[in-house]
Number of protein chains: 2
Amino acid sequence: MKYLANPRLSNFTHLQAMLIKPYPSWELPELPHATHTTAQEYAYERLRFAIMVGGVPPGAALTIRGVADALSLSSTPVRETLRRLCAEGALFSQSNRRIITPPMTTARHQELISTRVALEQLAVRRAARFITENDLEILTNIDLQMDQAIVQQNYIQLVILNQQFHSTLYALNPEQVCLPMIESVWLQLGPFNRLAAERAGQLTLEDQHKNLLTALRKRDTEAASQAVEADIRDAADQASAAQ
Amino acid sequence: MKYLANPRLSNFTHLQAMLIKPYPSWELPELPHATHTTAQEYAYERLRFAIMVGGVPPGAALTIRGVADALSLSSTPVRETLRRLCAEGALFSQSNRRIITPPMTTARHQELISTRVALEQLAVRRAARFITENDLEILTNIDLQMDQAIVQQNYIQLVILNQQFHSTLYALNPEQVCLPMIESVWLQLGPFNRLAAERAGQLTLEDQHKNLLTALRKRDTEAASQAVEADIRDAADQASAAQ
DNA sequence: TTCCAACCAATGTGATCACATTGTTGCTAA
DNA sequence: TTAGCAACAATGTGATCACATTGGTTGGAA
């Protein structure tokens with residue numbers, strides 16, 4: 001089940017194929033197959049998720065044939081998936097036409113965190129005025145689920161719920177311009193998050209969500225914006241401390 | 001030279017094919033063919049440019065076969081190009097698998113402007129510390145060329161130079177995270193810019209570049225950030241006033 | 001031993017075709 | 001007249017193959 005490039009060519013070690021095969025070791029609910037209308041979408045969801053949770057090591061080279069074989073697809077939908085992920089910043093297309101995951105550096109990490117703060121502060125400011133009591137209830141519910149995931153030390157579930165929390169909030173704005181960009185940043189931060197979760201013992205990033213919810217209930221946009229920044233910086237500090 | 005969908009299916013009128021054919025009426029230097037190593041890249045550059053300068057009307061449906069015929073290519077590279085542009089926000093993939101240019105609304109325009117301000121302010125702040133005297137000279141030179149383009153009422157050239165000015169500045173930061181996102185916003189603003197240029201008689205957005213250059217020379221990051229915002233808002237106001 | 005060129009394997013690219021899906025038209029029957 | 005269905009046209013999707021490019025290996029000459 002090899003899907004990375006020939007190691008002789010890419011000089012990177014093989015990756016355990018667990019993220020390309022169905023996700024047994026990740027305790028992940030299999031996505032219902034009916035949601036994937038096309039093979040390309042299926043391949044995209046699989047690869048995107050793998051990258052999002054840091055399942056593909058930085059600098060690894062992906063090959064079209066390799067991924068196609070791993071997913072039992074032909075090369076056409078896989079090629080489109082890889083290009084799409086390149087356009088989203090999740091992968092990087094080298095000049096020699098090889099597609100790799102972006103290398104990981106601290107400078108790049110800082111750049112990504114700054115961008116994430118700028119975009120998410122903007123998003124929360126522009127979404128706050130649309131929020132209803134019902135929305136607050138939904139967000140509170142997600143936050144409670146996150147508490148459970150922390151207790152269970154379920155990292156994958158925590159990452160998913162955290163992103164669900166943020167994107168649910170930002171998506172209250174009917175004109176969605178920055179959410180795709182925020183998701184692009186999340187994708188690029190995937191390897192860093194993974195590193196943080198692997199090396200850090202504790203998972204403690206729920207407090208700022210409580211602050212954020214309090215601010216949103218008071219319709220205090222400024223406090224909400226500050227809580228978003230604090231939440232992001234907390235998570236980033238955790239990743240840095242883990243190194 | 002039809003490249004839009006069958007009007008019966010898309011209920012949009014045909015577009016003059018001038019932006020898909022070589023750009024005679026746009027007074028554009030033909031891009032040297034050597035720069036396009038692959039057919040996909042060629043198709044991408046062509047379509048991207050057409051969208052960037054507002055050459056494709058909002059809501060128009062593009063078909064794979066249509067674009068492929070117009071560019072004398074097979075469908076494979078065109079399909080990848082269309083998906084890539086969808087991922088960049090320049091196009092929108094409907095649920096019925098039809099690919100259209102995003103519709104134009106004032107709410108969306110405001111959202112794009114806000115995002116542009118947030119991203120470009122961040123970019124200039126993080127690029128300013130890297131600037132050298134040589135860079136300042138290059139930027140001043142581009143600004144002078146813009147003055148010429150304004151005198152010549154050459155809208156296309158002005159758009160290109162304006163983006164060149166901004167991206168040259170932001171690219172001084174070696175870790176490039178937000179420049180692709182900024183370019184995505186530019187792509188999405190293409191139709192609006194076009195509208196502004198068509199309906200507005202005057203082209204007056206160079207003053208803020210002078211302010212920005214002054215601030216950069218003084219290494220005054222805060223003033224530079226404000227000049228960037230003023231520049232963007234000026235251009236946006238022009239587009240709004242044109243409606 | 002070192003270097004280079006020829007060769008081979010791995011991989012990306014693009015064209016083409018068959019098929020699935022979607023949209024339109026027009027005819028039939030209530 | 002109009003709802004509904006059948007036929008057809010337009011388009012998207014995916015598999016496959018030939019070819020180009022790239023990376024690595026090997027063997028011989030300096």
Side-chain angles (χ1 to χ4, degrees), chain A residues 1-15 33-47 59-87 91-101, chain B residues 1-15 33-47 59-87 91-101:
Chain A
M1 190 66 75
K2 165 169 89 92
Y3 68 98
L4 295 181
N6 187 329
R8 287 177 305 172
L9 298 181
S10 66
N11 70 20
F12 278 100
T13 57
H14 276 224
L15 170 70
H33 239 62
T35 60
H36 301 115
T37 57
T38 64
Q40 186 268 136
E41 195 177 347
Y42 169 72
Y44 173 75
E45 292 295 336
R46 288 292 289 276
L47 265 181
L62 296 169
T63 65
I64 295 169
R65 283 175 174 82
V67 174
D69 287 350
L71 298 179
S72 300
L73 295 171
S74 80
S75 57
T76 309
V78 172
R79 280 168 62 180
E80 291 172 10
T81 293
L82 292 181
R83 281 202 196 283
R84 186 172 165 188
L85 288 167
C86 285
L91 297 174
F92 177 68
S93 183
Q94 289 178 312
S95 59
N96 58 352
R97 297 178 176 177
R98 182 144 293 204
I99 289 175
I100 63 170
T101 51
Chain B
M1 190 66 73
K2 163 168 90 92
Y3 68 100
L4 296 181
N6 187 328
R8 287 178 305 173
L9 298 180
S10 66
N11 69 23
F12 278 100
T13 58
H14 276 223
L15 172 68
H33 240 62
T35 60
H36 302 113
T37 57
T38 64
Q40 186 266 137
E41 195 178 347
Y42 169 71
Y44 173 75
E45 293 296 337
R46 288 292 291 274
L47 264 182
L62 296 170
T63 64
I64 295 169
R65 284 174 172 83
V67 175
D69 287 349
L71 297 179
S72 300
L73 295 171
S74 79
S75 57
T76 310
V78 172
R79 279 168 62 178
E80 291 172 9
T81 293
L82 292 180
R83 281 202 197 283
R84 186 172 165 187
L85 289 167
C86 285
L91 297 174
F92 177 69
S93 182
Q94 290 179 312
S95 59
N96 59 352
R97 298 177 175 178
R98 182 143 296 204
I99 289 174
I100 63 170
T101 51

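Chain naming here is simple, since letters A, B, ... match the order of the sequence lines and numbering starts at 1 in each. Any value given below was found using the heavy atoms of this structure, including those in side chains, with hydrogens, waters and symmetry copies removed.
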Q. Can B:Thr101 and B:Leu91 be said to form a side-chain contact (heavy atoms from CB on, under 4.5 Å), step by step?
A. CA-CA 5 Å; B:Thr101 51; B:Leu91 297 174; 3.6 Å; yes
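What separates CD of B:Glu41 from P of C:dG12 is a distance of 16 Å, to the nearest Å. Rounded to whole Å, atom C1' of D:dG12 lies 14 Å from atom CG of B:Leu62. Whole-Å rounding puts the B:Arg98 CZ to C:dT24 C1' distance at 11 Å. In this structure, the CG atom of B:Leu73 is 6 Å from the P atom of C:dA15, given to the nearest Å. Between the OH atom of B:Tyr42 and the P atom of C:dT13 there is a distance of 18 Å, rounded to whole Å. Nucleotide C:dT11 holds its P atom 13 Å from the CD1 atom of A:Ile99, rounded to whole Å. Computed from coordinates, the A:Ile100 CD1 to C:dG12 C1' distance equals 16 Å when rounded to whole Å. In this structure, A:Ile64 atom CD1 and D:dT22 atom P are separated by 14 Å, rounded to whole Å.
Taking each heavy atom of A:Ile64 and A:Ser75 in turn, the nearest pair found is CG2-CB, 3.5 Å. The two residues B:Thr81 and B:Ala43 come nearest to each other via the heavy atoms OG1-CB, 3.6 Å. Smallest separation of non-hydrogen atoms from B:Ser74 and B:Ala68: O-CB, 3.7 Å.
Phosphate contact (OP1/OP2 of C:dG14, side-chain N/O of B:Ser74, threshold under 4.0 Å): absent.
The OG atom of B:Ser93 sits 8.0 Å away from the CZ atom of A:Arg84 when rounded to the nearest 0.5 Å.
You'll find the side chain of A:Leu82 reaches within 4.5 Å of the side chain of A:Leu47, heavy atoms only.
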If you restrict it to nitrogen or oxygen atoms, what contacts under 3.5 Å exist between nucleotides 20-22 of chain C and the protein, and what is each distance?
none

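Remark: the A:Arg65 side chain and the C:dG12 base include a donor-acceptor N/O pair separated by less than 3.5 Å.
Partners of A:Ala39 according to the side-chain contact (heavy atoms from CB on, under 4.5 Å) rule, which considers only residues two or more places apart in sequence or in another chain, are A:Leu73, A:Pro77. Applying the side-chain contact (heavy atoms from CB on, under 4.5 Å) criterion to A:Arg83, with sequence neighbours excluded, gives B:Gln40, B:Glu80.
Within residues 75-84 of chain B, the residues that have a heavy atom under 4.0 Å from DNA chain D are, in order of number, B:Arg79, B:Arg83.
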